[in-house]
Amino acid sequence: MGDPKGFMSTPRREWPRRPVEERVRDWDEVHVPGALLPIVGKQADRCMDCGIPFCHDACPLGNLIPEWNDLVSRDDWRAAADRLHATNNFPEFTGRLCPAPCEAGCVLAINQPAVTIKNVEVAVADRSWELGFVPPRPPDRLSGRTVAVVGSGPTGLAAAQQLTRAGHTVAVYEKDDRLGGLMRYGIPAFKMEKHHLDRRLEQMRAEGTKFRTATAVGADVGAAELRARYDALVIATGATAWRELPVPGRELAGVQQAMEYLPLANRVREGDLDRSPMSAAGKHVVIVGGGDTGADCLGTAVREQAASVTQLDIYAQPGSDRDDDAEPWPTYPKIYRLSAAHEEARELRTAPAADADARLFAASTLRFEGDAQGRVRSLHLVEVDAARSPRQGTERTLPADLVLLALGFSGPDRADGLVDQLGLAMEPRGTITRDASFATNVPGVFAAGDAARGQSLIVWAIAEGRAVAAAVDRHLTGSSQLPSPIGPFDRPMTV
C-alpha cells in the first residue's frame, strides 16, 4: 500500500459537485471538472490492501481494487489502467453510474468512511483515455465463427467486445437509432455525458465489431432468420417491460412511464428535438418510485424548470447509518443517500411538503384525479406502515400536472416478437430461462443481463456480458480463455 497509515491520517474526500444554482442551468455532468485528480492519490492511500479484500466479493466483476489503488497512490497510471481494464470493459461507465457496492464491502467501512473506490476508478478510466492507454485491441486472427448480439446496453456491448477480441465476427443489433440502450436514452447527460459512450463505441468499431441500428429483431428482421444466419445468438435486450400502477385515474393524460419521459429529454440533448413534448416546464410534477430512475426524473424535471417536483417512496425514510443487525457489513445497506438530484431539489425547495429533499417517504398512491379534458390534476396518497398498510387519517393530495411512474421493470418487452418467434422458455417473473452456461432452451441462443437476471446494476450487467461471452466462446470452439466473473445464478451479498 502507498501509505500504511493513510486511512488514519487522511479523511475521506469525494469528487466535489458544482454549485447547484450553476449546474441546474445546464446538462453537463454535475462534478467540478478537473477537481478529482488533485485529491485522488491521497484517497487511494486510504486503501489498506487488506489480506482478504471484501471489496472484491462485493463487486461482481472482481475488480482488482487494492492493486489499482496502490498504483494510483504511486502515480503509475499506465499500470493502474491495465489492472482496471483487466476486469472491466467500461470503467468510465461504472465509475459514474454504479452505486459502488464495493465501497459497502470495504473493510474500512466497518467503523469508518469507506475508501472512495468509485472516484479512484473513474479517475483511472478518464486518465487512461487522456494518456492513450486504451487503444483498440483487434484480434490477431479471426475464428471464422459469427455471433449476433441483440441489444447495445452494457451487457450487449461487453459481450460483443469480448467476443470480437477473441476473434469472432460480431454484429450488434439495436432497435433504437443510436447505440447504448438505456445508457443513451435512459441515463441523463448530467450523470454521464454521451461522449464517454461514443468514444468507447469508436474503439469497438476499430476492433471489428459491427453495429446495426434502427433494427428491431422480431419486427424488422425475423428472430429465427437471424438465428439461422449466425453461429450463435446472444439476447441482451435488457428488462424494458415496465411495471404498472393499477389505481383509479391511471388512464388520464399526463400520467406517464419514466421511460417514456427520460428518452425525450435525452433526444433534446442529442439535437433531435427542440423541446420535449413531455417537458415538465411550469408543471407540478410527482414521481412515483424512490429508486435511481425516479431520481433521474427528478434531476431532469428540475432542469426543465418544473413548478414543483415531489418524489414518492413507499419505504420509510432510512437512517443515515448502517443497521448492523438488519444489514451487517459487508452487505449493501439501505441508508439515507443524497444524490445530486436530491441535493438540487433540497436547495431549490422543489417540494415544500416533502419529508426530506424532494421525497415523501412511506407514501402510497391511492388514485389520480383529472379535469374535464381528461388531464391529470392531482394525486391522492396515504402514509403506509412497514407492511404497506394505510395509516388512518394520513390521506393527502398533491397537485400534479405530470406524473411519472418509476416503479422498475419485470423483464424483456415481448411486443417485438423476439421471444415468441424463437420459442424461448420464460420464468414466471417474466425473465428468460437459461441454464448454468447462460444457454436458453433454443440451441445456440444465449441470454444475459437484465433480460434473464431481472433488473439489476450496471456492474452486474457488464459482468453478465463478460461471462456470457466466455460461454459463447466455449460453445463455438470447445474451450475459452475469456474470463467468466459470475454465474447466471449468482446474486449480491444479502443477509
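In this text, all values refer to a predicted model and were calculated from it rather than measured experimentally.
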Any chance [atom1] of [X] has more than 12 other-residue heavy atoms, nucleotides or ligands included, within less than 6.0 Å?
| X | atom1 | answer |
| --- | --- | --- |
| Y336 | OH | yes |
| D82 | CG | yes |
| Q481 | CD | no |

Taking all atoms of both residues into account, what is the closest heavy-atom pair of [X] and [Y], and its distance?
| X | Y | answer |
| --- | --- | --- |
| A189 | N266 | N-OD1, 3.9 Å |
| R414 | V419 | NE-CG1, 3.8 Å |
| I432 | P412 | CG1-CG, 4.1 Å |
| A58 | P101 | CB-O, 3.3 Å |
| S152 | G180 | OG-N, 2.8 Å |

Could you give the side-chain donor-acceptor pairs of residues 210-222 under 3.5 Å, partners two or more places apart or in another chain?
| residue | atom | partner | partner atom | Å |
| --- | --- | --- | --- | --- |
| T215 | OG1 | T213 | O | 2.9 |
| D220 | OD2 | A216 | N | 2.8 |

Check: [Y] main-chain N/O paired with [X] side-chain donor or acceptor under 3.5 Å:
| X | Y | answer |
| --- | --- | --- |
| W129 | R199 | no |
| D70 | C47 | no |
| N119 | W15 | yes |
| H85 | A81 | yes |
| R46 | K5 | no |
| D126 | A123 | no |
| T146 | D231 | yes |
| R227 | Y230 | yes |
| T164 | A160 | yes |
| R322 | T331 | yes |

For E121, give me all partners under side-chain hydrogen bond (donor to acceptor under 3.5 Å, both in side chains), at least two apart in sequence or on another chain.
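E121: side-chain hydrogen bond (donor to acceptor under 3.5 Å, both in side chains) contacts with N88, T94.
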For [X] and [Y], does a side-chain donor sit closer than 3.5 Å to a side-chain acceptor?
| X | Y | value |
| --- | --- | --- |
| H196 | R96 | yes |
| E427 | T433 | yes |
| T10 | D45 | no |

Is a salt bridge present between [X] and [Y], judged by a nitrogen-to-oxygen distance below 4.0 Å?
| X | Y | answer |
| --- | --- | --- |
| E327 | K334 | no |
| R466 | E464 | no |
| D26 | R18 | yes |
| E207 | R165 | yes |
| R184 | D177 | no |
| R17 | E29 | no |
| K194 | E270 | no |
| R337 | D292 | no |

Report the distance from atom [atom1] of [X] to atom [atom2] of [Y], rounding to the nearest 0.5 Å.
| X | Y | atom1 | atom2 | result |
| --- | --- | --- | --- | --- |
| R23 | E344 | CZ | CD | 4.0 Å |
| M204 | F90 | CE | CZ | 5.0 Å |
| I235 | R434 | CD1 | CZ | 12.5 Å |
| S339 | K191 | OG | NZ | 7.5 Å |
| I65 | I117 | CD1 | CD1 | 4.5 Å |
| M426 | D420 | CE | CG | 8.5 Å |

Six-ring centre of Y185, R267 cation under 6.0 angstrom, axis tolerance 45°:
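Flagged: R267 positioned over aromatic ring of Y185.
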Cationic tip of R83 above W68 ring, under 6.0 Å, 45° of axis:
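Relative to the ring axis of W68, which defines the angle, R83 lies outside at least one limit.
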Verdict with supporting geometry, L405 and W242, side chain to side chain contact (heavy atoms under 4.5 Å, CB included)
CA-CA 9 Å; L405 307 181; W242 50 59; over 6 Å; no
Do [X] and [Y] have side chains that get closer than 4.5 Å, going by heavy atoms?
| X | Y | answer |
| --- | --- | --- |
| V124 | L71 | no |
| V288 | L404 | no |
| V147 | V472 | yes |

Carefully, step by step, assess I335 and D321 under the rule side chain to side chain contact (heavy atoms under 4.5 Å, CB included).
CA-CA 6 Å; I335 60 175; D321 298 316; 5.9 Å; no
My understanding is that only residues two or more places apart in sequence, or in another chain, count here; which of them pass salt bridge (charged side-chain N to carboxylate O under 4.0 Å, His left out) with E193?
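In terms of salt bridge (charged side-chain N to carboxylate O under 4.0 Å, His left out), with neighbours along the sequence ignored, E193 is linked to no residue.
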According to salt bridge (charged side-chain N to carboxylate O under 4.0 Å, His left out), who are the partners of K175, at least two apart in sequence or on a separate chain?
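Not a single residue meets the salt bridge (charged side-chain N to carboxylate O under 4.0 Å, His left out) criterion with K175.
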Stepwise, does the side-chain hydrogen bond (donor to acceptor under 3.5 Å, both in side chains) test hold for Q161 with N89?
CA-CA 8 Å; Q161 185 167 64; N89 295 71; 2.9 Å; yes
Let me see the working for E103 and R12 under salt bridge (charged side-chain N to carboxylate O under 4.0 Å, His left out), right down to the final yes or no.
CA-CA 12 Å; E103 293 189 14; R12 177 182 168 106; 3.0 Å; yes
Quick one, I458 with M183, criterion side chain to side chain contact (heavy atoms under 4.5 Å, CB included). Give me CA distance, side-chain angles, the key distance, then yes/no.
CA-CA 10 Å; I458 185 171; M183 291 189 297; 4.0 Å; yes
Using the ring of each side chain (for Trp, its six-membered ring), is W27 parallel, tilted or perpendicular to F190, with breaks at 30° and 60°?
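Tilted, since the angle between the ring planes falls between 30° and 60°.
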Ignoring hydrogens and angles, write down the donor-acceptor pairs under 3.5 Å from the side chains of residues 32-43, residues two or more places apart or on other chains.
| residue | atom | partner | partner atom | Å |
| --- | --- | --- | --- | --- |
| Q43 | OE1 | R13 | N | 3.0 |
| Q43 | NE2 | P11 | O | 3.0 |

Show me, pair by pair, the donor-acceptor contacts under 3.5 angstrom made by side chains of residues 135-144, not counting sequence neighbours?
| residue | atom | partner | partner atom | Å |
| --- | --- | --- | --- | --- |
| S143 | OG | R145 | N | 3.1 |
| S143 | OG | G167 | O | 3.3 |
| S143 | OG | H168 | ND1 | 2.6 |

Run the side chain to side chain contact (heavy atoms under 4.5 Å, CB included) test on Q203 and V134 for me, step by step, so that the C-alpha distance in whole Å, both residues' side-chain angles and the decisive distance to 0.1 Å come before the verdict.
CA-CA 9 Å; Q203 180 199 47; V134 280; 4.1 Å; yes
